Novice: 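I have a structure here, written as structure tokens, and I will follow up with some questions on it.
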Amino acid sequence: MVNHTIDIYYFPLSPPSRCALLLIRALGLKHNIKIINIPAGEQMAPEFLKINPLHTIPAINDDGFILYDSHAIIKYLANQYGKDDSLCPKDPKKEAIVNQRLFFDATYLFPRFADFAGPTIFTGRSPSDESRKKLAEALQHIDNFLKNQQWIAGANMTIADFSIISSISTIDALGEFDLTTYGNVWQWYQRAKDAMSSFGYDEVNQTGATAFGEAFKSKLK
Ligand SMILES: N[C@@H](CCC(=O)N[C@@H](CS)C(=O)NCC(=O)O)C(=O)O
């Protein structure tokens with residue numbers, strides 16, 4: 001039983017920060033949300049730079065243990081507080097696949113999403129054809145991951161599903177990609193939303209994803 005409260009530095013529009021909060025909710029951990037308003041530049045405040053010199057959210061403070069990067073955070077929390085190893089398997093091969101999916105989100109999917117949507121959000125420019133092609137390629141890889149399995153890293157839901165759903169839901173909310181054309185992705189997305197609804201999927205993730213999509217669409221006009 002965990003008695004202390006974990007601080008999470010979070011902003012609803014930020015996919016990785018939603019992913020970390022969703023896992024905190026799945027694990028039923030006591031937490032305190034500290035909003036860092038990214039558009040207002042609050043990540044550059046000296047107090048926050050002491051938490052994360054890289055000035056990104058999410059970050060957590062778990063009883064003095066400070067950690068940043070959503071992928072590192074969800075892996076730590078699942079290992080430290082998971083009631084068993086289902087969310088983060090200890091079997092080396094299963095764990096390796098989870099890691100591969102986390103690194104895929106960190107180094108491939110999320111950067112391609114940011115390259116696609118960032119210029120519109122920050123300057124109102126339309127996404128480039130090149131960034132559209134690259135993000136579509138990333139979606140196709142996820143579709144392939146899911147060819148013979150129900151979840152992103154195998155037969156069970158793991159932290160990899162938390163990571164990928166925060167990005168996918170935001171991509172879906174842009175209204176620029178028809179996810180139903182990626183049949184495996186679309187079915188997994190419905191399955192994952194359903195499985196995560198018991199610990200607050202809509203409130204923690206969907207609301208922020210939809211808000212990001214609205215912000216994107218309003219800048220395109
Ligand atoms: N790999 C990082 C990416 C985090 C990230 O880029 N967060 C953005 C918001 S979505 C941020 O905090 N940007 C503010 C900045 O870079 O100054 C993670 O997964 O936590």
Side-chain angles (χ1 to χ4, degrees), residues 2 4-81 102-103 105-125 159-174 196 199-219:
V2 191
H4 62 275
T5 300
I6 297 174
D7 285 341
I8 171 164
Y9 297 82
Y10 165 92
F11 190 63
L13 269 63
S14 153
S17 71
R18 283 188 255 120
C19 151
L21 182 57
L22 199 55
L23 190 77
I24 284 179
R25 292 280 293 261
L27 295 171
L29 302 173
K30 275 197 266 177
H31 58 283
N32 176 30
I33 296 174
K34 294 190 168 239
I35 296 282
I36 300 294
N37 187 328
I38 300 288
E42 288 178 6
Q43 75 275 25
M44 303 310 288
E47 313 84 75
F48 184 67
L49 291 175
K50 281 189 208 135
I51 299 289
N52 180 4
L54 273 60
H55 52 81
T56 58
I57 52 165
I60 58 166
N61 184 345
D62 181 11
D63 207 19
F65 178 64
I66 290 171
L67 190 62
Y68 40 85
D69 188 278
S70 62
H71 311 89
I73 290 170
I74 60 177
K75 191 158 184 191
Y76 162 71
L77 291 174
N79 282 333
Q80 181 80 327
Y81 299 116
L102 296 182
F103 296 139
D105 184 66
T107 66
Y108 198 98
L109 179 62
F110 182 73
R112 286 178 182 220
F113 155 74
D115 283 350
F116 180 83
T120 304
I121 289 284
F122 296 116
T123 69
R125 261 190 295 133
I159 51 173
D161 296 281
F162 287 71
S163 182
I164 302 283
I165 205 168
S166 65
S167 297
I168 283 290
S169 54
T170 317
I171 293 165
D172 185 41
L174 301 176
M196 293 176 180
F199 44 82
Y201 174 83
D202 277 342
E203 179 200 336
V204 174
N205 190 58
Q206 196 57 54
T207 309
T210 304
F212 191 101
E214 293 309 316
F216 175 87
K217 288 174 195 160
S218 74
K219 292 286 173 72

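Keep in mind the model is a prediction, meaning the values are calculated, not measured. For the numbers below, each heavy atom of this structure counts, side chains included, while hydrogens, waters and symmetry mates do not. Throughout, numbering of the chain's residues begins at 1 and tracks the sequence.
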Novice: Is a donor on one side and an acceptor on the other found under 3.5 Å between the side chain of T5 and the backbone of N32?
Specialist: no

Novice: Of all the heavy-atom pairs spanning D105 and S167, show the shortest one and how long it is.
Specialist: OD1-OG, 2.8 Å

Novice: Could you pull out the closest heavy-atom pair between P39 and N37, with the gap in Å?
Specialist: CD-OD1, 3.0 Å

Novice: I want to check a possible cation-pi pair here: R112 against Y108, using under 6.0 Å from ring centre and within 45° of the ring axis as the test.
Specialist: yes

Novice: Is any side-chain heavy atom of I159 less than 4.5 Å from a side-chain heavy atom of H71?
Specialist: no

Novice: Between L13 and I38, does the side-chain contact (heavy atoms from CB on, under 4.5 Å) criterion hold? Intermediate values first, please.
Specialist: CA-CA 9 Å; L13 269 63; I38 300 288; over 6 Å; no

Novice: Can you tell if the side chain of Y201 reaches within under 4.5 Å of the side chain of Q206, non-hydrogen atoms only?
Specialist: yes

Novice: On the 0 to 90° scale, with breaks at 30° and 60°, tag the F162-F199 ring pair as parallel, tilted or perpendicular.
Specialist: parallel

Novice: Using modelled atom types only, decide if a donor and an acceptor are shared between the side chain of T207 and the backbone of D202 within a distance under 3.5 Å.
Specialist: yes

Novice: Calculate, to the nearest 0.5 Å, the distance between atoms CG and CG belonging to L77 and L67 respectively.
Specialist: 8.0 Å

Novice: For the residue pair F65 and Y76, categorise the inter-ring angle as parallel (less than 30°), tilted (30 to 60°) or perpendicular (more than 60°).
Specialist: tilted

Novice: Out of curiosity, I73 CD1 to L21 CG, how far, rounded to the nearest 0.5 Å?
Specialist: 11.0 Å

Novice: What is the minimum heavy-atom distance between V204 and R25, and which atoms define it?
Specialist: CG2-NH1, 3.6 Å

Novice: For I51 and I66, work out which heavy atoms get closest and say how close.
Specialist: O-CG2, 3.3 Å

Novice: Evaluate the side-chain proximity of I36 to P58: yes if any heavy-atom separation is below 4.5 Å, no if none is.
Specialist: no

Novice: Any non-hydrogen side-chain atom of I60 less than 4.5 Å from a side-chain atom of Y9?
Specialist: no

Novice: Can you give me the closest heavy-atom contact between C19 and S70, atom names plus distance?
Specialist: SG-CB, 4.4 Å

Novice: Taking all atoms of both residues into account, what is the closest heavy-atom pair of N205 and L22, and its distance?
Specialist: CB-CD2, 4.4 Å

Novice: For the CZ atom of R18 and the CD1 atom of I8, what is their distance to the nearest 0.5 Å?
Specialist: 12.0 Å

Novice: Just verifying a value: how many Å separate F212 CZ and S166 OG, rounded to the nearest 0.5 Å?
Specialist: 12.0 Å

Novice: Hey, are the side chains of D62 and L29 touching, using non-hydrogen atoms and a 4.5 Å cut-off?
Specialist: no

Novice: Side-chain contact test, heavy atoms from C-beta onward, threshold under 4.5 Å: evaluate it for L49 versus H55 and give yes or no.
Specialist: yes

Novice: Indicate, with yes or no, if the rings of F110 and F113 have centres closer together than 6.0 Å.
Specialist: yes

Novice: Between I57 and F48, is there a side-chain heavy-atom distance shorter than 4.5 Å?
Specialist: yes

Novice: Do side-chain atoms of T123 reach the backbone of T120 as a donor and acceptor pair under 3.5 angstrom?
Specialist: no

